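Read the structure below first, then the notes.
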Amino acid sequence: MNGSNRNVFFFALVVAFGGFIFGLDAALISGTVRFVSAEFNLTDIQIGTVVSAPGFGVLFALLITGYICNVFGRKNTLIGIAFIYIFSAISSVLAPSYEALVIARFIGGLAFTSLSVAAMYIGEVSPAKYRGKLVSMIQINIVVGLSAAYFANYLLVELSQSSYQWVSTYAMQENLWRWMLGVEVIPALLWFLLLFTIPQSPRWLVMKGNETRAKAVLLRLTKNSTLADEQLQTIKTSLTDYSDTGSYLASFKQLLDSRVRAAVIIALTIALVQQVTGINAIMFYAPTVFEQLGIGTDAAFLNAVLIGLVSIVFTVVAILLIDKLGRRPLVIGGLATATLSLFMCYIGFSQAEYSLSAQHIAEFSSLNTVSGLDQLIGQVYHSDVEFKQALATVFSASQLQGFESDLIQRAATINAPLISFGIAGFIAAFHFSIGPIMWVIFSEIFPTRIRGVAIPTFAFIASVVSYLVQQFFPWQLNNFGAANIFLFYSISGVIGFILLYKIMPETKNKSIEEIEEQLAGVSAKKALEGA
């Protein structure tokens, strides 16, 4: 690898490390659900609010991210985002109440724009032949962060049950969820410091009229003066119509321009499809999802770790293949596989039955204090919703939070291997297709003059859907049941497959300016016809 490539890869790696922080933040909360719920006596909607608070916060941040990126630059925006991550993590650990925890996590959500800004920056500093791999590094950092969080949660759960003196000295068992959330602080601080080593985006510098600094950055990226001059001229040509005065509003209006209509339709479709298939329900609530299989709490945490490892492996596969096979084959094939996997989960949950025997209750000594259990013995319930509703007639809400996982473990007759395989298949397919490739497509299909507003806009749309999925998943689980939830996700996958099969373009090995030219003449009608 020559010097220029080393520079590009280093800058991309530093920026993509924000994905690791995002992954940590997203998955650490999954392990705290039971403990936070018990400490603050939360309802299903309140649990959803704690988990989804960052998803709500990012909606507000994305409204101004494009403006901030255009005014202060991609680098400075990323530095500000890293500081927010640090502040939010510390505030979450110290939160004295449910309300304080929600506020701290809402603030952390302002930093979730790191994904869109990172994709924007990496897309602008990367040569075309490496752009797919480099932007995909965001996704592998996300899944490594997710996996690290699942592993940290599992390790902390095991340690909290150990006899080490320091475990009791530092009250780990009593404050387990605070230890989990504290894992994020040090990596966030490291990312904050590393961001000071990267340059500004050369395309942003040209937008601001600073061609001298842009040329200097391009020289660092290419190590070739002639090539740097050619790239500078190409960037200047693509920005012919750009005016810094009112640029943000002008850029937003240009999303309605017929020349970018095809890009808008493509971005809107993939933004919706990525989230509506339920990835963040599984990733943000992984232990909760696995508890529905009747495998118990500890095994649920361990399965979450395994899902994290699957995510890493198949994201690496995507990175290895994205610039060889191209974006389109991975998205289409991956989405088809993801949809079939979700349908397998539906089949598994739809065939489940739940029944408590006298022996089950006798084995669970903690239930001796609960009256009315006799009426449940021998009853067969044909869905998790029916079973939970029956339990709710006997247990109080706070009691049910403590007993539910153990009761499901004893009562469930369920095809756990089929569902586990389906979840693993969905996670694998997502992470070698629409997971990383959405950000690659976002970084490629928009002209430089509007990408500062376009990428955050469609990241905003994806985030709205993500927020709704996270917010209402606990309520949906208890009112509609796991089977119906996975059926909805699989139907969404079918619809997404049909749409993307028609409109998904191939953009590998093309410069941003070449892709702009390719899409500029494609009308909305042609885009929908797959032209």
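These numbers come from a predicted model, not from an experiment.
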I would like to know whether Asn280 and Gln275 meet side chain to side chain donor-acceptor pair (under 3.5 Å); could you show each step before the answer? CA-CA 7 Å; Asn280 283 334; Gln275 293 299 324; 2.9 Å; yes
Between [X] and [Y], how do the two ring planes meet: parallel, tilted or perpendicular, split at 30° and 60°?
X	Y	result
Phe60	Phe56	perpendicular
Trp475	Phe472	perpendicular
Phe426	Phe430	tilted
Phe387	Tyr381	tilted
Phe112	Phe22	perpendicular

Could you tell me which non-hydrogen atom of [X] sits nearest to which non-hydrogen atom of [Y], and how far apart they are?
X	Y	result
Leu195	Leu78	CD1-O, 3.3 Å
Leu335	Phe497	CD2-N, 3.3 Å
Thr277	Leu342	O-CD1, 3.7 Å
Gly422	Ser341	O-CB, 3.2 Å
Leu330	Gly326	CG-O, 3.6 Å
Val310	Ala428	CG1-CB, 3.8 Å

Test your reading of the model: is there a side-chain donor-acceptor pair from [X] to the backbone of [Y], 3.5 Å cut-off?
X	Y	answer
Trp204	Cys69	yes
Arg203	Glu124	yes
Lys75	Ile198	yes
Ser126	Gly123	no
Glu386	His382	yes
Ser52	Gln470	no
Arg327	Ile441	no
Ser433	Val331	no
Ser88	Ala104	yes
Arg328	Met504	yes

I want to know whether Phe343 and Tyr346 have ring centres closer than 6.0 Å. yes
Are the aromatic ring centres of Tyr121 and Phe11 under 6.0 angstrom apart? no
Considering only heavy atoms from C-beta outward, does the side chain of [X] approach that of [Y] to under 4.5 Å?
X	Y	value
Ile437	Phe432	no
Ile122	Met137	no
Gln274	Val465	no
Ser492	Val273	no
Asn478	Val385	no
Ser30	Tyr150	yes
Ser463	Ile461	no
Tyr85	Pro187	no

Within this structure, what is the [atom1]-[atom2] distance for the pair [X] and [Y], rounded to the nearest 0.5 Å?
X	Y	atom1	atom2	answer
Phe460	Thr113	CZ	OG1	12.5 Å
Leu156	Phe151	CG	CZ	9.5 Å
Met438	Leu272	CE	CG	10.0 Å
Thr457	Phe442	OG1	CZ	10.0 Å
Phe473	Asp44	CZ	CG	11.0 Å
Glu184	Leu24	CD	CG	6.0 Å

side-chain contact (heavy atoms from CB on, under 4.5 Å), that's the test. Do Ile282 and Phe486 meet it? Break it down for me. CA-CA 10 Å; Ile282 296 174; Phe486 279 99; 4.0 Å; yes
Show your working on side-chain contact (heavy atoms from CB on, under 4.5 Å) between Asp25 and Arg105 and close with a plain yes or no. CA-CA 9 Å; Asp25 196 292; Arg105 287 184 51 73; 3.5 Å; yes
Stepwise side-chain contact (heavy atoms from CB on, under 4.5 Å) test for Ile485 and Leu477: CA-CA 7 Å; Ile485 290 174; Leu477 189 61; 4.2 Å; yes
Could you check Val58 against Leu110 for side-chain contact (heavy atoms from CB on, under 4.5 Å), going step by step and ending with a plain yes or no? CA-CA 5 Å; Val58 74; Leu110 302 177; over 6 Å; no
Side chains of Tyr354 and Ser383: donor-acceptor distance under 3.5 Å anywhere?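 No.
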